[in-house]
Amino acid sequence: MRSQKIEEKIRELKEKENAIILAHNYQRPEVQLIADYLGDSLDLARRSAKVDCKLIVFAGVKFMAEMAAILNPERTVLMPDLTAGCPLAEQLSAQAVREAKQRHPNAAVVLYVNTLAEAKAEADVCCTSANAAQIVNALDEDEVLFGPDHNLAWYTQRRSNKHVVPLPERGYCYVHRMFQAADIARLKEEYPDAEVLVHPECDPEVQKLAGHICSTSQMMTRAKASHAKRFIIGTEIGMVERLRREFPDKEFIPALETAICEDMKKHTLEKIYLTLRDRKNIVRVPPRIAGRARAAIERMLELSGRAARD
Ligand code: 13P
Ligand code: SF4
């Protein structure tokens, strides 16, 4: 099936089924283009909290689609490929969170949204890369159990006077761990006029070389606001593709061409079409877990929205 044809069929089906497509910034360019809404984890959580449709097709990894399902118990959430998971999220079990809570009875539990739904059910509040420091600083507790990404925990610790305890000790994203400080330093020498934007899942040595440490959507905001004409980008390649498309008069240099999240790339136009046509790949979260996870996600949206208003 030619890609133009598939796009038309997807649009027809979307209308017929009263569906919308939400997609993460790391999706393939053709999937980004068919999406009704494209964003980072926080944008997508906010968006899915106020959709007005019957069906949501979620082109992102499983924890993102689960959040949409948790926030929309009355709607059906479908994933073009149900096997698109996040290996970082797999690194923290609900049992590990319960055990850590016993060791740190006075600590608040702040979990990155890149977690399994059953781990979220154990959290006091969730956070994303866009609001981690804001959320931690809004809490009353002095000690915070923070997981599963230990680089994001390091980033958050530097912006807070709380005691941030990473959980597990060394959880990481394999994609962001590929970035090397030596590569960034070399690119900075080659392009001295470039601004360096990196994701907080990168190693501390990489973060230290950056001008701005941003969630993926914050990279869009920075690229728009900055007077710089050239940027070195330290995150997954899909983000570079979006930046290039939306700011054609600026230059975006990937810090690593091979930084590809295999799971994010599992969704294709063909799979989106088949999912919508057959209403298959329903994302389900057991109600007992969903209720508790929802409280942690909603608290994040509340604290994050409140800080934005203040
Ligand atoms: P963002 O929330 O910044 O889009 O990041 C999500 C993610 O999975 C990063 O690897
Ligand atoms: Fe998970 Fe890393 Fe992929 Fe983001 S880039 S979804 S953290 S594996």
Side-chain angles (χ1 to χ4, degrees), residues 22-28 31-32 35 37-48 58-68 79-92 110-117 119-120 126-135 146-153 155-156 166 168 170-179 197-203 206-207 210 212-223 233-243 254-267 297 300-301 304:
L22 302 182
H24 185 263
N25 289 322
Y26 295 161
Q27 290 301 299
R28 297 165 182 272
V31 174
Q32 295 188 12
Y37 194 79
L38 182 60
D40 69 3
S41 313
L42 182 60
D43 295 333
L44 295 171
R46 282 190 174 133
R47 189 72 189 186
S48 55
F58 207 114
V61 286
K62 191 78 171 282
F63 76 81
M64 296 177 179
E66 282 179 347
M67 286 208 295
M79 269 178 91
D81 187 326
L82 267 180
T83 70
C86 167
L88 168 62
E90 307 282 335
Q91 292 167 42
L92 184 62
V110 179
L111 293 188
Y112 192 25
V113 288
N114 299 45
T115 37
L116 307 171
K120 281 188 185 76
C126 289
C127 74
T128 74
S129 59
N131 62 17
Q134 196 182 64
I135 298 291
F146 188 101
D149 189 80
H150 83 282
N151 289 336
L152 184 61
Y155 164 89
T156 306
R170 300 202 70 77
Y172 67 93
C173 159
Y174 76 97
V175 180
H176 288 88
R177 203 166 67 166
M178 290 190 227
F179 293 97
L197 312 182
V198 309
H199 196 275
E201 288 174 15
C202 292
D203 284 347
V206 170
Q207 293 190 34
H212 296 268
I213 302 162
C214 317
S215 79
T216 56
S217 286
Q218 287 169 342
M219 289 183 183
M220 292 294 295
T221 310
R222 180 62 204 163
I233 303 296
T235 195
E236 209 268 354
I237 202 74
M239 188 66 226
V240 179
E241 288 158 342
R242 180 174 182 193
L243 287 162
L256 186 65
E257 294 269 4
T258 54
I260 296 171
C261 178
E262 301 292 343
D263 284 85
M264 286 282 187
K265 306 303 187 208
K266 285 182 175 172
H267 306 306
I297 299 166
M300 167 185 80
L301 294 176
S304 194

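In listed order, ligands and their atoms are each counted from 1. Reckoned from all heavy atoms, side chains included, excluding hydrogens, waters and symmetry mates. Here the structure is a predicted model, which is why all the values come from computation and not from measurement.
Rounded to the nearest 0.5 angstrom, Asp149 CG and Tyr155 OH are separated by 12.5 Å. Between Leu197 atom CG and Met220 atom CE the span is 11.5 Å, to the nearest 0.5 Å. For the atom pair CG (Leu88) and NE2 (His150), the distance works out to 11.0 Å, reported to the nearest 0.5 Å. Note that the OG1 atom of Thr115 and the CZ atom of Phe63 stand 7.5 Å from one another [nearest 0.5 Å].
With respect to Met219, the side chain to side chain contact (heavy atoms under 4.5 Å, CB included) criterion is satisfied by exactly one of Arg242, His212, Met239: Met239. Just one residue in the list Glu90, Lys62, Glu66 forms a side chain to side chain contact (heavy atoms under 4.5 Å, CB included) with Leu116, and that residue is Glu90. Residue His176 forms a side chain to side chain contact (heavy atoms under 4.5 Å, CB included) with just one option from Asn151, Leu256, Thr235, and that option is Thr235.
Neither the backbone nor the side chain of Glu236 comes within 4.0 Å of ligand 1, counting heavy atoms alone. The backbone and the side chain of Ser215 each have at least one atom closer than 4.0 Å to an atom of ligand 1 (non-hydrogen atoms only).
Every atom of ligand 2 is numbered from 1 in the order shown, and the set under 4.0 Å from a heavy atom of Asn114 is 7 (S). For ligand 1, the atoms lying closer than 4.0 Å to a non-hydrogen atom of Glu201 are 7 (C), 9 (C), 10 (O). Close approach of ligand 1 to Asn114 is summarised as follows: ligand atoms under 4.0 Å from at least one heavy atom of the residue are 7 (C), 8 (O).
At the top of the distance list for atom 2 (O) of ligand 1, counting protein heavy atoms only, stands Ser41 OG, 2.7 Å. Ranking protein heavy atoms by distance to atom 3 (Fe) of ligand 2, first place goes to Cys261 SG, 2.4 Å. Among all non-hydrogen protein atoms, the one lying nearest atom 1 (Fe) of ligand 2 is Cys86 SG, 2.4 Å. For atom 8 (S) of ligand 2, the nearest protein heavy atom (residue, atom name, distance) is Pro87 CD, 3.5 Å.
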Point to revise | side-chain contact (heavy atoms from CB on, under 4.5 Å) assessment of Ile213 paired with His199 | key: CA-CA 6 Å; Ile213 302 162; His199 196 275; over 6 Å; no
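Ligand 2 is never approached by Asp263 to a heavy-atom distance shorter than 4.0 Å. Judged by the shortest distance from any of its heavy atoms, Ser129 lies inside the 4.0 Å radius around the atoms of ligand 1. Not close to ligand 1: Met264, with no non-hydrogen atom less than 4.0 angstrom away. Note on ligand 2: Glu201 sits in its first shell, one or more heavy atoms being nearer than 4.0 Å. Heavy atoms of His176 come nearer than 4.0 angstrom to ligand 1 in at least one pair.
Among the atoms of His199, some N or O lies under 3.5 angstrom from an N or O of ligand 1.
For atom 4 (O) of ligand 1, the choice among Thr216, Asp149, Asp263 with the nearest heavy atom turns out to be Thr216.
For atom 1 (Fe) of ligand 2, the set of nearby N, O or S atoms under 2.8 Å includes none belonging to Cys173.
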